[in-house]
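All residue numbers refer to positions in the sequence shown, counting from 1. Every value quoted in this text rests on a predicted model; they were computed, and no experiment measured them.
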Amino acid sequence: MSSTAITAQGITIARFNTTTFETVPNVVSFQGPGGQTAVIDVTNLGSTSKEKRVGLRDEGQLTMTMHYNPDDTVHQGLRADRANRVRRQFKLTFTDSNPATWTFYGYVTHFSVQGGVDAVVQASVTIEIDGDITEA
């Protein structure tokens, strides 16, 4: 199978197995990580306007779509992680002259497969990020 635009650009998403990171194959699109920070209203009766504090950062989710291969061990691992509620380390590597990497822990919270007539069978995967993202 020819490479997808994601891999042709050199972008990889990897899942840490027991001893090493394994690249998730056949990823055709992804979105995230992207999160938000809670805003806490601390206005009181003595305030003359709204007063706020910033709460904890939430790094959100990483979602990806991939051409699904049920025989692939990394695809099987993602399904098993969801079924067994395993907290796993992931790494997103971007293409630069000096590649930037984002490493984080997360849980696979969604794994669904879809297909159709004259369509490649695809899987949609959501990883809920747990904690900080380390950028290197």
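- Criterion: ILVMFWY side-chain heavy atoms under 4.5 Å apart, direct or through other members. Under it, L62 and F21 are not part of a common hydrophobic cluster.
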Side-chain atoms of residues 119-126: list all donor-acceptor pairs with protein atoms under 3.5 Å, sequence neighbours left out, distances to 0.1 Å.
none

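- Here the straight-line distance linking atom CZ of R53 with atom CD1 of I40 works out to 9.5 Å at 0.5 Å rounding.
- More than 12 heavy atoms of other residues, nucleotides or ligands shown are found within 6.0 angstrom of CZ on R88.
- Shortest non-hydrogen contact noted between F90 and G106 is CE1-O, 3.8 Å.
- Side-chain atoms of N44 come within 3.5 Å of backbone N or O of S47 as a donor-acceptor pair.
- Taking CG of L78 as the start and CD of E22 as the end, the distance is 9.5 Å to the nearest 0.5 Å.
- With hydrogens and angles ignored, the 3.5 Å screen pairs no side-chain donor or acceptor of T23 with any backbone N or O of A14.
- A pairwise comparison of heavy atoms in P33 and I129 identifies CB-CD1, 3.3 Å as the closest pair.
- Heavy atoms only, all atoms of each residue included: M66 and V27 are closest at CB-CA, 3.8 Å.
- F16 and I127 are not part of a single hydrophobic cluster, where members link through side-chain heavy atoms under 4.5 Å apart.
- Using cut-offs of 30° and 60° on the angle between ring planes, the pair Y68 and F111 is perpendicular.
- Between F104 and I133, the closest heavy-atom pair is CB-CG1, 4.0 Å.
- Taken from CG in D130 to CD in E128, the straight-line distance is 8.5 Å, to the nearest 0.5 Å.
- Within a 6.0 Å radius of CD in Q31, other residues, nucleotides and ligands contribute 12 heavy atoms or fewer.
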Please report the C-alpha distance between D81 and R15 in whole Å, then the side-chain angles of each, then the deciding distance to 0.1 Å, and finally whether the side-chain contact (heavy atoms from CB on, under 4.5 Å) criterion is met. CA-CA 10 Å; D81 289 348; R15 170 188 173 269; 2.8 Å; yes
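- Side chain of Q76 to main chain of P70: a donor-acceptor pair is present (N/O by atom type, distance under 3.5 Å, no hydrogens or angles).
- Closest of all the heavy-atom pairs between Y107 and R85 is CE2-O, 3.7 Å.
- In this structure, CD1 on I13 lies 12.5 Å from NZ on K91, to the nearest 0.5 angstrom.
- Judged by distance alone, the side chain of D132 and the main-chain N or O of T134 form no donor-acceptor pair under 3.5 Å.
- Rounding to the nearest 0.5 Å gives a distance of 9.5 Å between OG1 of T12 and CZ of F94.
- Considering every non-hydrogen atom in both P25 and V74, the closest pair reads CD-CB, 4.0 Å.
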